[in-house]
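Below is one structure, written out as structure tokens; the observations come after it.
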Amino acid sequence: MFDLKNFPLNYDKDALEPYISKNTLDFHYDKHLATYITNLNNLIKDSKFSEFSLKKIIIESSQKNENASIFNNASQVFNHDFFFKSLSLNSSVDFPNQLLVSFNSKQHFIDEFKKVANSLFGSGWVWLVKEAGDYKIVKTSNADNPIAHNQTPLLTLDLWEHSYYLDYQNRRADYIDAFLNHLINWEFVQSNL
Ligand code: MN
């Protein structure tokens, strides 16, 4: 069984203001993430999945349509924990040099990430991933997740409306810009390389 305490926030809920408000994190962390955890616990109770790690649940449940609800909720738990860890207002490190091989410059990375984020239609996620030694930016729809596609996630941005609507309403592009220019936890990215 999973618990919200297994996925702690590493900062105070007002630590990302003015770019992401405490009000947004009160809902996003305490309500949205908590609900995915409750749903997942109810779905895996008394099944083989209750013995697995979160990553193993995601990989095993991604194989079969009959496990779609388990996949969606497990993946949303992983995605949210990964997203909250991807955020920091004052990252102590900057764009990792290792990424220059694939992106040439931090600005080029930002431009590419923005292009992919703005091209995502509906709810989903934008990721920096490592795949076969290469770094790339990919988008996933709804709950989908790179670890179900043999990719290693390094960074993610939540583009479900609930992640920005209280602060930005329809100004989704401003939320994407705030993330890229002020909120990336490069120390976390570095730790995932
Ligand atoms: Mn979310």
Side-chain angles (χ1 to χ4, degrees), residues 2-44 54-55 57-59 61-62 68-89 91 113-114 116-129 137-149 151-185 188-189 192:
F2 297 96
D3 190 287
L4 194 58
K5 291 190 188 72
N6 303 141
F7 308 97
L9 271 187
N10 296 325
Y11 39 80
D12 293 334
K13 293 224 187 71
D14 63 0
L16 305 177
E17 292 186 345
Y19 305 107
I20 293 177
S21 66
K22 178 180 181 299
N23 191 29
T24 288
L25 283 178
D26 281 341
F27 281 94
H28 205 179
Y29 180 79
D30 290 323
K31 307 290 186 195
H32 289 276
L33 174 54
T35 299
Y36 291 123
I37 293 170
T38 302
N39 290 346
L40 177 62
N41 285 335
N42 289 334
L43 286 162
I44 64 176
L54 186 59
K55 280 190 182 178
I57 294 173
I58 291 168
I59 291 164
S61 66
S62 71
S69 294
I70 291 175
F71 175 80
N72 285 336
N73 283 282
S75 195
Q76 283 294 79
V77 172
F78 177 91
N79 294 355
H80 279 89
D81 181 53
F82 205 86
F83 171 62
F84 293 130
K85 288 184 166 68
S86 292
L87 303 175
S88 167
L89 189 51
S91 184
F113 198 105
K114 190 188 296 196
V116 175
N118 284 319
S119 75
L120 177 74
F121 185 79
S123 296
W125 303 80
V126 180
W127 306 81
L128 169 64
V129 299
I137 296 161
V138 298
K139 57 187 171 183
T140 60
S141 289
N142 300 314
D144 201 11
N145 174 313
I147 61 178
H149 304 283
Q151 297 168 328
T152 304
L154 308 174
L155 173 76
T156 196
L157 172 62
D158 188 345
L159 282 177
W160 286 54
E161 275 191 351
H162 66 233
S163 68
Y164 63 85
Y165 210 81
L166 294 174
D167 297 326
Y168 296 88
Q169 291 83 45
N170 60 311
R171 291 176 292 109
R172 187 179 184 268
D174 290 351
Y175 164 68
I176 293 166
D177 284 345
F179 170 77
L180 289 169
N181 294 312
H182 302 286
L183 293 174
I184 295 177
N185 183 351
F188 179 63
V189 175
N192 294 322

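In each ligand, atom 1 is the first atom listed, and ligand 1 is the first ligand listed. For the single chain, residues carry numbers from 1 onward in sequence order.
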Phe82/Phe188 aromatic ring centres below 6.0 Å: yes
Given Asn192, Val138, Ile137, Thr140, the one that forms side chain to side chain contact (heavy atoms under 4.5 Å, CB included) with Val129: Val138
Passing option when His80 is tested against Trp160, Phe2, Phe27, Trp125 for ring pair (Phe, Tyr, Trp, His ring centres under 6.0 Å): Trp125
Option passing side chain to side chain contact (heavy atoms under 4.5 Å, CB included) with Leu16 (candidates Thr24, Leu183, Asp167): Leu183
For the Mn ion (ligand 1), every protein N/O/S atom that sits closer than 2.8 Å, waters excluded: His28 NE2, His80 NE2, Asp158 OD2, His162 NE2
Backbone of Ser69 reached by a side-chain donor or acceptor of Asn73 within 3.5 Å: yes
Heavy-atom side-chain proximity of Asp30 to Lys13 below 4.5 angstrom: yes
